[in-house]
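Some notes on the structure that comes next.
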Amino acid sequence: MTRLIHTRRWIPPFLLVVATAATVAWLVHTTRAVRLEARERFFEQYSRQQLLLAEQASRSVEGLFDTFRRELGLVVSLFEAGAVTPGRAREVRGSLARVYESVAGTSVIDLAVLDRRGTIVTSVPPSSDTLGVNLAWRDYFAWARDKGRPGQMYVTSLRRLVTGAAKGEKALVVVEGIYGKGGRFNGLALFAVNFGEIARKHILSVRIGEHGYAWLMDSQNRMVLVHPQGRIDGHTFDEAFLPRWPRLYSLAIAMGSGQPGTGRYEFEDPVDPSKTVRKLVGYAPVRIGDHLWVLGVGTPEREVEALLSSFLRRQEVFSTAVGAGMLGGAVALFALLMGWNRMLSREVTVRTRDLAVARAEQEATFEELLAAKKLAAAGQLALGLTHEIRNPLSAIRMNVQMIREESPSEGPLRENFAIVEEEILRLNRLLSDVMGFARPRPLRLVPTDLGDEARRVVRLMGRSLAEAGIAADVEIDGDLRTVVCDPEQIQQVLLNLVLNAVEAMEDVPGPKRLSLAAIRSDDTALLRVADTGVGVRPEDRERVFDLFFTTKAQGGGLGLPTVQSIVLRHGGAVDVEGSPSGGTTVTIRLPLGGPAAPEGPGQGSPAPGSDERGGARP
């Protein structure tokens with residue numbers, strides 16, 4: 001059984017080590033699959049990040065052109081009251097200047113207003129090359145005259161400016177028509193916008209990683225508007241992509257749907273244009289008036305792969321650390337479990353010992369209860385016999401006395417009558433002892449100093465001890481204070497035990513010694529009476545508390561049963577230890593607080609009319 005328990009103690013640690021080893025093996029086995037899965041997921045997340053950048057740049061460009069539309073609306077409102085003429089332009093020049101100032105930091109080159117014939121009537125800033133120039137041949141003028149509506153904005157395709165301060169620059173023209181009552185066309189207002197500056201601020205400034213950049217395409221005209229390398233700006237898709245980059249060409253055509261998305265394509269390596277590199281891209285639409293542009297952000301896969309490798313190396317370090325931590329944790333837990341098992345074994349041992357002690361105490365309690373029942377039964381029987389014997393015995397004594405008085409005063413017959421009367425008296429005393437045992441008086445419980453009681457008994461028996469040549473000593477524990485008990489009956493117990501000890505040492509040669517000790521043990525008081533007498537035979541130890549059992553020629557066999565009865569009524573116990581080689585020790589255990597269950601009224605206090613020792617008061 002012990003071996004089985006010891007084996008079971010090793011099962012949990014063993015299973016823990018096996019589980020840890022299996023986990024580490026699983027981590028190693030799945031690392032490759034994790035790397036492949038992580039690569040795809042990382043590429044997806046990176047492309048989504050590029051898509052977010054593209055959408056942010058797209059909203060920035062759209063917001064810029066929304067500003068142009070609002071400011072052109074202010075210019076148009078200045079001329080809606082009448083014809084667009086140089087005189088009206090002079091009247092509102094201050095307002096036009098303020099409008100120009102509000103957009104001067106947004107890549108606007110100049111502001112111009114054309115009349116219904118296409119002639120420039122004013123420009124801001126003013127320019128001698130601009131005033132009076134007729135631009136009726138421009139597509140935006142034809143749009144405003146023939147197709148435009150109030151509040152509608154038109155944006156031209158890229159072109160070179162032929163007039164103004166930025167003549168020759170690549171630019172866009174943002175136009176809004178001026179209409180009178182009934183929708184009559186009166187002219188138009190325009191901003192000439194430096195597209196290269198827009199590209200630098202809102203597109204070429206977008207970077208991600210080392211070689212990730214943004215580009216802009218015109219999906220309607222299928223033209224590259226902005227590219228960081230610059231060689232394909234202004235080229236159509238067919239010219240820029242179709243011969244060498246068919247995948248990019250297909251992707252550029254698909255972007256014309258106007259939906260944001262992600263993808264992959266091959267293009268020139270930004271480090272070495274003679275080589276091809278695979279790129280990840282995220283793109284978003286840019287809606288400017290009737291135009292649909294697409295803004296994309298692309299990064300070479302090798303750069304993303306390098307980021308992933310760095311991440312995976314950290315992940316491998318982390319996995320290794322986790323595995324080592326798990327193994328170390330398993331070892332620590334194993335050691336903890338072993339310590340816990342040892343502690344549990346000690347606890348089991350202690351509990352087993354406690355159970356054994358509890359069982360022994362239970363058996364002792366059972367034996368005490370059995371002894372109490374035996375005493376009670378014997379007492380009831382003795383009480384009944386005493387009543388039945390005592391009356392006839394009294395009648396016999398009276399008749400013997402009468403016969404003795406009538407018989408001669410001398411002679412053998414009178415001596416025989418004396419012997420009979422003496423035996424009758426002895427039987428009567430025995431019956432009185434039995435009556436005292438069978439019908440004890442109630443306990444009178446008071447706080448009592450057991451040391452004083454022990455010393456009092458030794459003083460009371462001092463003369464008898466001296467005549468018998470017995471040396472007596474009393475040992476009192478300093479921690480023992482008062483005990484709740486009946487001092488008179490406890491004194492009777494000690495007297496009975498001392499008398500037994502004196503009788504046991506009568507015929508013993510050599511030194512004779514009697515010891516009384518009062519000791520405290522937790523919540524119990526111990527009274528020990530030890531002698532150097534003849535001792536107790538092993539076969540007699542179980543019978544010493546039986547009624548009328550005695551090894552003495554003149555004993556009545558009621559001393560120790562009476563002692564046991566008194567002690568049991570106090571909630572205590574009596575043990576007798578001795579050997580045939582000599583010496584007997586009687587140990588009495590009494591609870592310091594008195595018996596747990598009172599016997600009845602008056603037990604806990606002195607009876608009325610008596611002092612604490614039970615004697616009558618004068």
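For the single chain, residues carry numbers from 1 onward in sequence order. This one's a predicted model, so the numbers in the text were calculated from it and none came from an experiment.
Residues satisfying the side-chain contact (heavy atoms from CB on, under 4.5 Å) test with D449, not counting sequence neighbours, are D452. Q492 meets the side-chain contact (heavy atoms from CB on, under 4.5 Å) test with N496, T562, I566; sequence neighbours excluded. Contacts of D473 classified as side chain to side chain donor-acceptor pair (under 3.5 Å), with partners at least two apart in sequence or in another chain: R513, S515. Residues passing the side-chain contact (heavy atoms from CB on, under 4.5 Å) test with Q49, sequence neighbours excluded: Y46, I208. T524 is linked by a side-chain contact (heavy atoms from CB on, under 4.5 Å) to L526, R589, counting only residues two or more places apart in sequence or in another chain.
Of the inter-residue distances, the one linking D486 atom CG with R569 atom CZ reads 8.0 Å to the nearest 0.5 angstrom. In this structure, the separation between CD on Q45 and OG1 on T262 is 10.5 Å, given to the nearest 0.5 Å. Atom-to-atom distance recorded for M461:CE and L499:CG is 4.0 Å, nearest 0.5 angstrom. Of the inter-residue distances, the one linking Q564 atom CD with D575 atom CG reads 10.0 Å to the nearest 0.5 angstrom. How far CG of L450 is from CD1 of I519: 11.5 Å, rounded to the nearest 0.5 Å. Atom OG in S521 sits 11.0 Å away from atom CG in L480 (nearest 0.5 Å).
Under a 3.5 Å cut-off, the side chain of K512 and the backbone N or O of L465 do not form any donor-acceptor pair. The closest donor-acceptor contact from the side chain of S47 to the backbone of F43 lies under 3.5 Å.
One finds a salt bridge joining R463 and E467 here, because a Lys/Arg side-chain nitrogen approaches an Asp/Glu carboxylate oxygen to under 4.0 Å. Of the charged side-chain nitrogens involved, at least one lies within less than 4.0 Å of a carboxylate oxygen, so that E40 and R264 count as a salt-bridged pair. A salt bridge links E305 with R39: the closest approach of a Lys/Arg side-chain nitrogen to an acidic carboxylate oxygen falls below 4.0 angstrom.
Side-chain N/O atoms of T448 and E453 include no donor and acceptor closer than 3.5 Å.
Residue E44 qualifies as enclosed at atom CD: its count of foreign heavy atoms under 6.0 Å is above 12. Within a 6.0 Å radius of CZ in R302, other residues, nucleotides and ligands contribute more than 12 heavy atoms.
The two residues A454 and V474 come nearest to each other via the heavy atoms CB-CG1, 4.2 Å. Between A518 and L527, the closest heavy-atom pair is CB-CD2, 3.9 Å. Minimum interatomic distance between V206 and A57 (heavy atoms only, all atoms of both residues): CG2-CB, 4.0 Å.
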Apply side chain to side chain contact (heavy atoms under 4.5 Å, CB included) to residues E301 and V277 and explain how you reach the verdict. CA-CA 8 Å; E301 273 192 3; V277 65; over 6 Å; no

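Here salt bridge (charged side-chain N to carboxylate O under 4.0 Å, His left out) pairs that include residues 518-536, with residues two or more places apart or in two chains, number zero.
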